[in-house]
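For reference, the structure discussed in these notes is given below.
Below, all heavy atoms of this structure are taken into account, side chains as well, without hydrogens, waters or symmetry copies. Labels below follow one simple rule: chain letters A, B, ... track the order of the sequence lines, proteins then strands, and each chain is numbered from 1. As the structure is a computational prediction, the values presented were derived from the model and not from experiment.
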Amino acid sequence: MEPKKEAFPEPNIPQKFLKPYDPKAVEDAIYEMWLGSGYFNPDKLPPRHKEPFSIVLPPPNVTGTLHIGHAAMLVIEDIMVRHKRMKGYKTLWLPGTDHAAIATQAKVEGIIYKEEGKRRQDLGREELLRRVNEFALESHDTIVNQTKKMGASLDWSREAYTLDEKRGKAVFEAFKRMYDDGLIYRGHRIVNWDPKGQTTISDDEIVYAEEKTKFYYFKYGPFTIGTARPETKFGDKYVVMHPKDERYTAYSHGQEIDLEWINGPIKATVIKDESIDMAFGTGVMTITPWHSNVDFDIAERHKLDKEQIIDRYGKLLPIAGEFAGIKISDARKKIVEKLAAKGLLEKEEDYTHNIATAERTGGVIEPQIMNQWFVDVNKKIPARGGKSLKELMLDVIPQGPSHIEFIPDRFERVYSNWISNLRDWCISRQIWFGHRIPVWYKGEELKVSLASPGEGWTQDEDTLDTWFSSGLWTFSTLGWPETTSDLATYHPTAVLETGYDIIFFWVARMILMSQYLMGEVPFKTVYLHGLVRDAKGQKMSKSLGNIIDPLDMAGKYGTDAVRMSLIVGTGPGNDTKMSEDKIRAYKNFANKLWNIARFVLSSTEGETLEPGFKAFSADDEKLTAERRAVMEEISREMDEYKYYLVAEKLYAYAWREFADIILERSKDILAKGSDTEKKSRKQFLLHTLADILKALHPFVPFVTEEIWKDMPVPDKKPLIIETWPI
RNA sequence: GCGCGGUUAGCUCAGUUGGUAGAGCAUCUCAUUGACGUUGAGAGGGUCAUAGGUUCAAGUCCUAUACCGCGCACCA
């Protein structure tokens, strides 16, 4: 047997291929090359790129650093964008960051308190804002650098920030139009008050936590009432039961009863209301309208008095008599003791229920009636065909006039379900970081204005819910409210890719804002990805210590390996399981490609890829047809957003088919075949490698671009703007 | 309580309009000092959660049930 060395010489292939693929040595330089080429900016793409394709990046919060969930999002979107760019679209992927009002302020307040023992009041509005902005800027820089490290082909020349000046103008314009249309109003309504964060929050910012507590039964005159919250019962002077409850037919609606209560005798009024569940407890309850949604509704129906019991810090007010000034958490036990001493405690039971807590601060929500700003979701809007915001939001369901495709489609129902339960949106927040409400007061007068209307006017102290500004994101980033060519070209955007966990917060708000302000959908398709979990399927968290840092991994195994591991096995709407082993496996894949290139380049020395080359042998013809079939199949799946399948198929085709079978068999032909056979096979190898590199480029852009540099291709362009194989 | 998703090889998951069960990893055996920070050839391993039903034919469609996960709504 003759030595293989003579059969497969490695003449003048670039030295770099003689060593394993080294991501560290190439990634930064390649990203710089892409940046320098300007191809991330659609205006600078070659003329063949005509039809626009646009995506806005869901702006990461400026609360610190990128985590693996961000990395997954970047990878999916970068795949979409690189694919479309290669297919000849005028592709825009627009970056930005989100000031994330409460989240960021809470984070900075936490740091300041920990390091200096100071609270926001100690610093004052101006100083706190200075500190938060400083933190935000630092986070921003970190996040941008990390994003670049992941290979994201974002158009940095269009970068936006939800709290920059341009977005401020958009927020003001949106607020003003909604105010003028009567969609924004101010009023005393029950809101979710977070005593810890000292602000209202929206219904969506509530998370429920299971709590084991006691359920108490108290004598209330002739009745027995059940409650888990004795501390709210001071002002209770209405006793409510179902009108059809046979146990209480002796009592009539409006009847007054004298009875002994916590701090002495009171006069209670009987109310009959159908919202009472006869099967729960004794079927009788007292109500606290100031601090409960349900009680508030009952009080509204019967025009009952409402009294505040608990203040904004979670302490009891003077109405509580001897308990005034005590925190509700401490008061409960004392009140129960007192009622027991008075002989009014009948019994207590163990009880499990869900309590509402604030997502960002963990504070227990205390409903309060407060004067706040709201968006009316039910008011008819003449300028929008007499539809309400709610109805405009429902226009995007499949049967609606402006359908938005949800992937996976089951989220369509989740979305419409949410809308039908939607209540007016409280948009004012008692925090300092964010867009300040553009409303000015002077005595009884009120003006909506960005700047002070003049002497003697003071601005509303509150800021807007952060989702108010993110709701404008698809068009505020394109220059709205000005009529820019970007807006005309790229809106509506093609796809919104984001996590299913913010479908209500963000996706729905964007649809609301765009339908109302633009009269069109913000995007045609919503692609929803899942959570990235650890190898056991657990959520990643600091306390579990199972966090996988994407940047660490990229440093260790290369960005391409991280990208592949995040996309394989990640269908839309499904959670992804992540492990270091998985990343390691794809590091080997990058190296495999590297060696495939080494073999192909060395064995086709002297050949140049001839476009449209026709195979000489039947075998080559067959293999070419097979390659085309693979490319057609994956192209179709790319259009169907099945990236997880494409990644796996290309992996299999490159490794199991091309390397294991085709390359092995080619050795013989290249050694012993006739000149035409050799030439045909060499052309086939070059064409196949070229197609593999192109098709894989959206997934593993660095290693493919690096190999591409040495491909003998005439009129070669950077791979990033090469044409898609099909 | 209402709704959604999942249940397929030890693990992670594919399985397109119903037509004889697939991949990767892991395991085992063998080979390999020249494309390969290894790789290659091969093997074992599944009553597709359970019970019914529709059909010539069901992992796939229908109806229940169980378990796991998630979302929404919450009762004082």
If the [atom1] atom of [N] is compared with that of [M], how far apart are they to the nearest Å?
N	M	atom1	value
A76(B)	G3(B)	P	22 Å
U27(B)	C36(B)	C1'	24 Å
G59(B)	G22(B)	P	13 Å
G46(B)	A9(B)	P	10 Å

For [N], does OP1 or OP2 lie under 4.0 Å from any side-chain N or O of [X]?
X	N	result
Arg413(A)	C4(B)	yes
Asn574(A)	C4(B)	no
Trp655(A)	G40(B)	yes
Arg656(A)	G40(B)	yes
His291(A)	A76(B)	no

**Request:** Answer yes if the side chains of His242(A) and Asp273(A) hold a donor-acceptor pair under 3.5 Å, and no otherwise.
**Result:**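 There is no such pair (donor and acceptor under 3.5 Å, judged by atom type) between the side chains of His242(A) and Asp273(A).
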
**Request:** Determine which bases of RNA chain B form Watson-Crick or G-U wobble pairs with both distances under 3.5 Å, and write the result as a 5' to 3' dot-bracket string with | for other-strand partners.
**Result:** (((((((..((((.....[..)))).(((((.......))))).....(((((..]....))))))))))))....

**Asked** So does Glu664(A) reach the base of A41(B) with its side chain, donor to acceptor, closer than 3.5 Å?
**Response**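 A donor-acceptor contact between them is absent.
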
**Item:** Over all atoms of both residues, closest heavy-atom pair of Asp236(A) and Thr286(A)
**Value:**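 Nearest heavy atoms, Asp236(A) then Thr286(A): OD2-OG1, 2.6 Å.
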
**Asked** Is it true that a side-chain atom of Tyr216(A) and a backbone atom of Glu349(A) form a donor plus acceptor pair closer than 3.5 Å?
**Response**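 No; judged by distance alone, with no hydrogens or angles, the pair does not exist.
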
**Message:** Donor-acceptor pair, distance only, cut-off 3.5 Å: does the side chain of Asp552(A) make one with the backbone of Ile548(A)?
**Reply:**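 The answer is no, because no donor-acceptor pair under 3.5 Å joins these two groups.
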
**Asked** CD1/Ile707(A) to CZ/Phe17(A) distance, rounded to the nearest 0.5 angstrom?
**Response**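 Output value for this atom pair is 5.5 Å.
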
